[in-house]
Amino acid sequence: MQGQNSNFLLLVKLLPASCEVFENLAFTLHYLGARTFKSSFEIAATAASSAVKIDFLSQPVSSNSSALPRIPTSSSSSSSSSSSSSSSALRLSNRRRLIQTLAFLMDNSDGCCSTQLIDGNGTFNVSGIENFMKEVKLAECGLSYAVVSIMGPQSSGKSTLLNHLFHTNFREMDAFKGRSQTTKGIWMARCVGIEPFTLVMDLEGTDGRERGEDDTAFEKQSALFALAVSDIVLINMWCHDIGREQAANKPLLKTVFQVMMRLFSPRKTTLMFVIRDKTRTPLENLEPVLREDIQKIWDSVPKPKAHKETPLSEFFNVEVVALSSFEEKEEQFKEQVANLRQRFFHSIAPGGLAGDRRAVVPASGFSFSAQQIWKIIKENKDLDLPAHKVMVATVRCEEISNEKCGSFLENEEWRDLEETVQSHPVPRFGKKLSSIIDTYLSEYDAEATYFDEGVRTGKRKQLEEKLLQLVQPAYQLMLGHIRSGTLERFKEAFNDALNGGKGFAMAARHCTETFISQFDEACADAIIDQANWDSSKVRDKLRRDIDAHVATVRTAKLSELTTTYETKLNEALSGPVEALLDGATDDTWPAIRKLLQRETETAVFGFSSALSGFEMDEQIKVKMLLKLEDYARGVVESKTKEEAGRVLIRMKDRFSTLFSHDSDSMPRVWTGKEDIRAITKTARSSSLKLLSVMAAIRLDDEADNIEKTLSLALMDSKGGASTNKSSTSLDPLASSTWDEVPPTKTLITPVQCKSLWRQFKTETEYTVTQAIAAQEASKRNNNWLPPPWAIVALIVLGFNEFMTLLRNPLYIGIIFVGFLLVKALWVQLDISGEFRNGALPGLLSLSTKFLPTIMNILRRLAEEGQKHANTNTQQNPALASNSSRRGANEYSGVSSTASSEVTSENGTEYSSPLGHDKMN
């Protein structure tokens, strides 16, 4: 590939070291502004180092040194004119021509770029055309480009024509070195200054001696390649060959038409015959002859059956132009070339030289298309251009699709989005992702817009599916975040609604509708515009999760509610039932039934009101209410069974309470007057009543004879005696069931009742025995009178002593004092209490306390005497007579007090009731 300003640099290096030329070059560069070098002086100095002669009259067209124009030396310039005026005019003319030449080179170098597409060996330059396309930005052109190629005999001026016509820089033949092959293979360059974008291909000349007469394979291959790729084919031919049977252009035309039969192209190619070195014969006369020759060649070319009668115009648009000789009529040649150049402007417009745009490969696929066409041609296969177009579109669209897919994966916004959605939901997820995908799809559409529509659409769909496949995991994660977040918010809102007192069913319905709606809105925000994904499965899963949570909470709430009312029933029934059973009267079970009915109705009413908020099925509600009623019965039955298990303890407690306490619930003192037999019978009857009450559950108000049976079998002694004498089969308690009582309601069987009664009697027998013993002991302790006969004997035998006492009252006083002393000792020594434990222990105890008690009494008497003596000495003498009158009485009071008050051994004082009465 040629670099920019290459012609300009090479020209400067090859300028002669002439002062005149140096002066002209410096002036010219100063005029042009020296756009390429640092200063005009550097360029002039570079020119001074060369010794090549350049003629200003020649056009600079190539970077090849042999093709550069020649500048005459100073000696030749001076010999051309003898006068100074002509020398000065020549100098000015040289400057002017040098400016024009350099300006042409600089214009030519601005934007011109070329590369060898196929070398002489038929090798396709893949890297070269790729670099070429990037440098000229061919891919941006879409369908707005044209391809022009030129073919013709070797050394016929093809490269020269292209350089002047399109301002390219193809290498030209150096005529001074002889006529030889200049262009090898196929070269390509960009046209300068022509719109639309135009590519020019310079083909290797035909009929060259370098390849030989028999080596025509490359000629046919390159001709077929040019026809397949180009919109316009220039056929360069000499004017003097027109009308000649063996002219050099006939083999070329045969080649063109032959290879055309191998193309299955739907579009027409423009064949522009360029007649070089036109003579005086007018073009109007030359063109019919040329067209006639072309038609003959077309008719002579073998054709497939499908195209036997197909005219030439079906395949080609034939154009004929003529150009004057470049060497002989240069100015006229340039003018004609400039006119011809104008026809290439807007060539792709309808009616233009390249107006048929069918089967045009988009510019971005040109490199691949050309490569594949050349591959098929080299393999000597038929070239089906429509199928080739589809193939190119397929490959190129696939490349664009892969490129966009790769770019999408490298997109920072997508990466951040993908990373963020792993942990939490992303706001405006759908819009962001849709925008990213739409960007790459739009880029794909822009780059693939000119390829085959079917292929483009199919690949676009594949790209879209691939992109959507890449983002689908993120989308599913987003939906998962939305679902889990919505579920958590639902749980919180639902719990708050229930805590706020809202009805369960209403709260569940309202919260479900609200948060399902929020989920739909969030899903709508996460929807990717390019995808037609359905979030109904996630929505259904959310619905199932919500329903499951509602069902769980409903079950928990119902269980909590049921437990609450069951607890209330348990508290309302357990204590009262226990108390009623402990009372065990004839009204026990009616009271229990009434209590059960009242509490059950209260609980059922409250429970029913609470269940109304759940809006449940009526049958389920009835079942739950019945279950609560059954629970209430179960509480009573359970409590009854529990108490029945402790019936023996209850019977003994009741017996002990009734036996040991009187009707006022005061502890009973066995004084000997109580009827222990009657008390025992009453207590046992009450205990038996307790047993009969707890023997069976009587919640249905059905009569039974359990109490009567127990009373007859256990309380009637005659019945009991007869039971012992009769056989076991006649025993009413010798059974495991009660009459008229189902087994499910039996708590204590008859056999168990009999066993419990026997155990009860055994364990209470000791209490009765103790009571009898206490009563007898009390009788013994309270009976101090001697027997009647002894009293009669005392009266008879002691009559004399009694009379003696009556006759002498002093004896009575002494006896009274002795009685007081004895009474005091009796109280202080607690003689009756000491002898309760036996005579010997009583005597031993009295012997130890007798002497201290006597000493205590005497000390008290002495203290009392001393106290009265002190009181008498302090009294008024006027009271002396009163004191003497009361002396006897005070003495007697002190004596009685001293005799009635004694102090126990441990210091505790005891008072005799009799003594206190007297003092009061």
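Here the structure is a predicted model, which is why all the values come from computation and not from measurement.
In this structure, the separation between OG on S325 and CD on Q332 is 10.0 Å, given to the nearest 0.5 Å. Interatomic distance, C239 SG to R280 CZ, rounded to the nearest 0.5 Å: 13.0 Å. Atom CG in D293 sits 7.5 Å away from atom CE in M237 (nearest 0.5 Å).
The aromatic rings of W298 and F315 sit tilted relative to each other, their planes meeting at an angle between 30° and 60°.
For F225, the ring-ring contact (aromatic ring centres under 6.0 Å, His included) partners two or more places apart in sequence, or in a different chain, are W374. In terms of the side-chain hydrogen bond (donor to acceptor under 3.5 Å, both in side chains) criterion, S222 has no residue partners (sequence neighbours excluded). By the side-chain hydrogen bond (donor to acceptor under 3.5 Å, both in side chains) test, E140 pairs with no residue at all, sequence neighbours left out.
Y444 contributes a side-chain N or O that, together with a main-chain N or O of R460, makes up a donor-acceptor pair within less than 3.5 Å.
Side-chain contact of Q295 with D299: a donor-acceptor pair under 3.5 Å is present, judged by distance alone. There is a side-chain donor-acceptor pair under 3.5 Å between S367 and E130. With 3.5 Å as the limit, one finds no donor-acceptor pair spanning the side chains of S401 and Q462.
A salt bridge does not link K158 to D202: none of the charged nitrogens lies less than 4.0 Å from a carboxylate oxygen. Salt bridge E287/R291: present, at least one basic N to carboxylate O contact under 4.0 Å. Contact check on R343 versus E319 returns a salt bridge, with a Lys/Arg side-chain nitrogen under 4.0 Å from an Asp/Glu carboxylate oxygen. Comment: K184 does not engage E204 in a salt bridge, judged by the lack of any side-chain N to carboxylate O separation of less than 4.0 angstrom. Using a 4.0 Å cut-off between charged nitrogen and carboxylate oxygen, K404 and E447 count as a salt-bridge pair.
Side-chain atoms of M188 and F170, non-hydrogen and from C-beta on, never get closer than 4.5 Å to each other.
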